[in-house]
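Computation of the quantities below employed the complete heavy-atom set of this structure, encompassing side-chain atoms and omitting hydrogens, waters and symmetry-equivalent molecules.
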Amino acid sequence: MQFKTKLVPLVGAIAFAFAATAHAQEVVKIGHVGPISGAISHLGKDNENGAKMAIDELNAKGVMIGGKKVTLALLTEDDAADPKQATSVAQKLVDAKIKGVIGHLNSGTTIPASKIYYEAGIPQISPSATNPKYTQQGFNTAFRLVANDGQLGGTLGRYAVQIVKAKKVAVIDDRTAYGQGVAEEFIKGVKSKNAGTEVIARQYTTDKATDFSAILTAIKAKNPDVIFFGGMDAVAGPMLRQMKQLGINAKLMGGDGICTEALAKLAGDAMADNQVICAEAGGVEESQKSGLDNFKAAYKKKFGVDVQIYAPYVYDSVMTMVEAMEKAGSSDPAKYLPVLAKTNRKGVTGNIAFDAKGDMKEGTLTLYTYKDAKRLQLAVTK
């Protein structure tokens, strides 16, 4: 009888354990990758914060997928803006059974990683990769939330001719997939206007360079009106310092890689008012401005810092992916991927809808300059 008395509580405990397991919420893992270390870690951290903000909001609100409440978990990896590290962490996330990935930040890391996600059947939304090659590989898992380099570089090229009235243009790129791509599209944009503007120099550097005296000296001899740099702010800042040291008064133009709040600090006192003209992939028209402003205020309240560039696009990427899961009634990538491809929703960054390749149907661009070391909006265009 003593044995039976001990057995009953044991059976009850086992039954309770099974019941608790049965009612435990499913955890849906979403990956995020960006350069959390290295020269552009401030941009990677900005992206990570955008993802955290979305995940925290969704979990607080409660997410129902297939009639069951789920908990979202963010798995963040650091690719250090290095293509090799990008593929390594991509495989790590695949092995961790993520249901989708937001990232990577750079085109040079996004493109090689995209093959790994595609082969695993995992949807990928990059909030910031702009090289056209990313969505030209035939991968139905690849999406982006910003305009590509064809739109961005081309717009800057036409702006240099039509608005800046530049007659002599020099071009430098950092040889990354992003830098080279946006520089090539800038040149196409310049030539498309057939207005007599000449590309007088084509120079190259790296994304880790700090000394540009040789290439800038060669460019100075040709007296350019505009120098276009295809690369990131961590290089553009020191480049502006050396332009001032050499007495080069040309305007510096560039894509979203240099178009950050941090550029003024990186350039120090070398940046003259209105000297820099840059374009950011994305941007909202006046009717949607209040929504983005509200996001930026909430972001600063949560993290104590201002948005750098892409946090709103990361936030919208997470929201878009989870909404597709909810509509599909499943977090199984194979089931929600077709729903994701047909997305048509309003986010804080504007309307989100993808074309057959995974590009934005209406990718917007915002043009900026800097005055008194602060970034000022010039125009929003499509």
Side-chain angles (χ1 to χ4, degrees), residues 34-35 40 42-47 49-50 105-107 110 126-132 134 144-160 163-164 176 178-179 181-183 185-186 189 228-237 251-267 271 274-286 288-289 291-293 295-296 299 306-317 347-352 359-360 362-371 373-382:
I40 57 169
H42 57 294
L43 302 183
K45 193 65 183 175
D46 185 54
N47 278 24
N49 285 345
L105 187 152
N106 310 76
S107 294
T110 301
S126 173
S128 49
T130 54
N131 191 300
Y134 169 51
R144 78 170 104 227
L145 227 69
V146 290
N148 64 33
D149 288 339
Q151 296 164 296
L152 191 144
T155 295
L156 285 166
R158 292 187 292 275
Y159 193 90
I163 308 300
V164 180
T176 63
Y178 165 72
V182 74
E185 294 299 335
F186 173 81
F228 180 88
F229 174 57
M232 306 300 284
D233 61 356
V235 175
K251 288 188 181 295
L252 182 72
M253 295 185 72
D256 47 354
I258 77 165
C259 210
T260 67
E261 297 288 353
L263 179 64
K265 184 177 180 181
L266 291 163
M271 183 195 294
N274 304 310
Q275 181 185 8
V276 174
I277 298 171
C278 56
E280 180 180 299
V284 297
E285 292 164 317
E286 199 60 37
Q288 297 166 319
K289 193 171 181 297
L292 185 57
D293 286 345
F295 170 85
K296 289 179 177 178
Y299 178 99
D306 289 319
V307 167
Q308 286 290 319
I309 311 184
Y310 300 117
Y313 301 94
V314 179
Y315 175 89
D316 271 352
S317 296
V348 297
T349 60
N351 195 63
I352 299 164
D359 283 318
M360 287 284 285
E362 295 184 359
T364 56
L365 302 167
T366 306
L367 291 160
Y368 291 94
T369 189
Y370 292 78
K371 192 172 183 180
K374 294 188 182 300
R375 196 174 71 155
L376 299 175
Q377 182 174 311
L378 291 171
V380 175
T381 184
K382 290 184 179 179

Taking the side chain from Thr364 and the backbone from Thr381, do they hold a donor-acceptor pair closer than 3.5 Å?
no
side-chain contact (heavy atoms from CB on, under 4.5 Å) evaluation trace for His42 with Asp233
CA-CA 10 Å; His42 57 294; Asp233 61 356; 2.8 Å; yes
How are the rings of Phe295 and Tyr299 set to each other: parallel, tilted or perpendicular (split at 30° and 60°)?
tilted
What are the two closest non-hydrogen atoms of Met271 and Ala264, and how far apart are they?
CE-CA, 3.7 Å
Is there a side-chain contact between Arg144 and Asp359, using heavy atoms and a 4.5 Å cut-off?
yes
Go through it in stages, so that I can follow the logic: the residues are Ser128 and Ile309, the test is side-chain contact (heavy atoms from CB on, under 4.5 Å), and I'd like the CA-CA distance, side-chain angles, deciding distance and then a yes or no.
CA-CA 9 Å; Ser128 49; Ile309 311 184; over 6 Å; no
Within the 4.5 Å heavy-atom criterion, are Leu152 and Glu185 side-chain neighbours or not?
no
Distance, nearest 0.5 Å, that separates SG of Cys278 from CG of Leu365
11.5 Å
Please name the residue in the list Leu252, Ile277, Leu156 that meets the side chain to side chain contact (heavy atoms under 4.5 Å, CB included) test with Phe228.
Leu156
Can you give me the closest heavy-atom contact between Pro35 and Leu105, atom names plus distance?
CD-CB, 3.7 Å
Please assess Glu261 against Asp306 for the test side-chain contact (heavy atoms from CB on, under 4.5 Å), listing each intermediate value before the final yes or no.
CA-CA 9 Å; Glu261 297 288 353; Asp306 289 319; 5.5 Å; no
Can you tell me how far OG1 of Thr130 sits from CG of Asp149, rounded to the nearest 0.5 angstrom?
3.5 Å
What's the separation between atom CG in Leu263 and atom CE in Met232, rounded to the nearest 0.5 Å?
11.5 Å
Approximate separation, where rounding is to 0.5 Å, of Tyr310 OH and Asp256 CG
3.0 Å
Which value, rounded to the nearest 0.5 Å, describes the distance between Cys259 atom SG and Leu367 atom CG?
8.0 Å
Taking atom types as modelled and ignoring hydrogens, do the side chains of Asn148 and Tyr134 form a donor-acceptor contact shorter than 3.5 angstrom?
no
Backbone N or O of Asn274 within a donor-acceptor pair of the Lys251 side chain at under 3.5 Å?
yes
Show your working on side-chain contact (heavy atoms from CB on, under 4.5 Å) between Tyr178 and Asn106 and close with a plain yes or no.
CA-CA 7 Å; Tyr178 165 72; Asn106 310 76; 5.8 Å; no
Kindly give the heavy-atom pair with the smallest separation between Gly230 and Val182, and that separation in Å.
CA-CG1, 3.8 Å
Do Thr176 and Ser107 have side chains that approach each other closer than 4.5 Å (heavy atoms only, starting at C-beta)?
no
All heavy atoms of Val314 vs all of Gly50, minimum pair found to be CG1-C, 4.0 Å
Sub-4.5 Å side-chain heavy-atom contact between Met360 and Gln151:
no
Point-to-point distance, once rounded to the nearest 0.5 Å, from CZ of Arg375 to OG1 of Thr260
7.5 Å
Restricting to non-hydrogen atoms, name the atom on Ile258 and the atom on Gly231 that form the minimum distance, rounded to 0.1 Å.
CG2-O, 3.5 Å
Heavy-atom pair of closest approach, residues Val146 and Pro127:
CG1-O, 3.3 Å
